[in-house]
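Accompanying notes for the structure given below.
Order of listing sets the numbers, starting from 1, for every ligand and every atom in it. Throughout, residue positions are numbered sequentially from 1 according to the sequence presented.
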Amino acid sequence: MSGQRLFFAFWPDETTRVAVDAARQPLFPLSGHPVEAANLHVTVAFLGDVGADRLERLKTLAGPVAPFSITFDRLERWRKPGVLVATATRPAIRAMAIATALWQQLDRLGFARDPRPFVPHVTLARKVQSMRPELRWTAVGWTVDRIRLVESSRDAAGTLRYLPIA
Ligand code: 3AM
């Protein structure tokens, strides 16, 4: 495929990234692979491989939103994808509204929506087989003030890299 692998996300500022990374340190060692700190994010809409001809239009859907905050106060292991995630107990109404509005635009551009409901989460580790029940998580606040379009690629060593491009 000649296109780029893209998704829309809430991308952390440096303070938030450091806070999430610090909050997960007591969870390790885990039977899984920690997501690289530089890759921590909240996926809003996964697009998959996208042709270059769509890029400029997609970039226009990224940008500022009226700021709000999500408190990621819960730790969960999602069995099927095998991921350890931080989620929010309080319904993230604004995040849901943003995702819905974004998908309305994406639908018009012909992108197929993931049928699973949008659950705002930060993936902390992948390929997690089990989670010690005593694990504790310290809540982390995440201020959202923009939506970013992010490219997912692998570097020469095969390491996954996420790069915000708009
Ligand atoms: O932010 P998380 O980790 O939940 O799992 C991938 C990651 O989500 C997800 O998109 C995010 C950035 O890569 N993803 C990858 N392939 C996917 C697919 N085919 C997918 N989400 C839905 N469908």
Side-chain angles (χ1 to χ4, degrees), residues 1-14 16-21 23-24 27-28 30-51 54-55 58-59 61-62 65 69-89 91-92 94-96 98-107 109-131 135 137 140-155 157-166:
M1 175 82 202
S2 56
Q4 292 160 286
R5 193 170 173 81
L6 301 176
F7 61 97
F8 286 96
F10 300 144
W11 199 252
D13 61 22
E14 206 44 36
T16 305
R17 181 182 306 288
V18 168
V20 174
D21 194 31
R24 68 182 179 154
L27 310 179
F28 301 136
L30 265 180
S31 66
H33 304 299
V35 170
E36 282 205 37
N39 283 350
L40 292 167
H41 69 279
V42 178
T43 301
V44 180
F46 177 79
L47 304 177
D49 288 319
V50 177
R54 320 288 290 280
L55 191 57
L58 288 171
K59 282 183 176 176
L61 302 181
V65 297
S69 183
I70 306 173
T71 303
F72 289 104
D73 59 350
R74 198 160 62 182
L75 188 66
E76 295 179 55
R77 184 172 75 92
W78 291 351
R79 192 189 307 252
K80 205 166 167 202
V83 288
L84 187 67
V85 296
T87 58
T89 308
R94 290 285 317 282
M96 313 288 269
I98 286 171
T100 301
L102 182 59
W103 272 114
Q104 279 169 359
Q105 306 268 358
L106 292 170
D107 280 344
L109 297 177
F111 289 95
R113 184 177 183 159
D114 187 332
R116 293 169 295 186
F118 172 55
V119 180
H121 65 277
V122 188
T123 300
L124 304 169
R126 299 185 188 281
K127 299 188 177 164
V128 177
Q129 305 297 327
S130 60
M131 188 172 103
L135 285 184
W137 172 253
V140 178
W142 184 306
T143 299
V144 175
D145 63 2
R146 66 197 61 226
I147 311 174
R148 291 189 191 261
L149 181 62
V150 182
E151 179 176 11
S152 165
S153 63
R154 293 197 180 266
D155 67 15
T159 307
L160 192 59
R161 297 275 176 231
Y162 296 148
L163 180 70
I165 57 173

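- Summary of contacts: the protein heavy atom closest to atom 11 (C) of ligand 1 is Thr43 OG1, 3.3 Å.
- Near His41, the atoms of ligand 1 lying under 4.0 angstrom from a non-hydrogen atom of the residue are 1 (O).
- Applying the ring-ring contact (aromatic ring centres under 6.0 Å, His included) rule to His121 yields the partners Trp78; only residues at least two apart in sequence or on another chain are considered.
- Applying the ring-ring contact (aromatic ring centres under 6.0 Å, His included) test to Tyr162 and every residue at least two apart in sequence or in another chain returns Phe7, His41.
- Atom CE of Met131 is separated from atom CG of Leu75 by 4.5 Å, given to the nearest 0.5 angstrom.
- Note: Glu76 CD to Thr87 OG1 = 3.5 Å, rounded to the nearest 0.5 Å.
- Looking at Arg116 against ligand 1, only its side chain comes within 4.0 Å, counting heavy atoms.
- Nearest protein neighbour of atom 6 (C) of ligand 1, counting heavy atoms only, is Arg126 NH2, 4.4 Å.
- Of all the atoms in ligand 1, the ones that sit under 4.0 Å from a non-hydrogen atom of His121 are 2 (P), 4 (O).
- Numbered from 1 in the order shown, with element, the atoms of ligand 1 that lie under 4.0 Å from a heavy atom of Asp114 read 22 (C).
- Note: Leu149 CG to Ile165 CD1 = 4.5 Å, rounded to the nearest 0.5 Å.
- Annotation: the span from Thr71 atom OG1 to Trp142 atom CH2 amounts to 12.5 Å, rounded to 0.5 Å.
- Annotation for Lys59: atom NZ counts as buried by contact number, over 12 foreign heavy atoms lying within 6.0 Å.
- Every atom of ligand 1 is numbered from 1 in the order shown, and the set under 4.0 Å from a heavy atom of Arg5 is 15 (C), 16 (N).
- With ligand atoms numbered from 1 in the order given, ligand 1 contributes 1 (O), 2 (P), 3 (O), 4 (O) to contacts under 4.0 Å with heavy atoms of Thr123.
- Evaluated by nearest non-hydrogen atom to atom 17 (C) of ligand 1, the leading choice among Phe46, Tyr162, Phe8 is Phe46.
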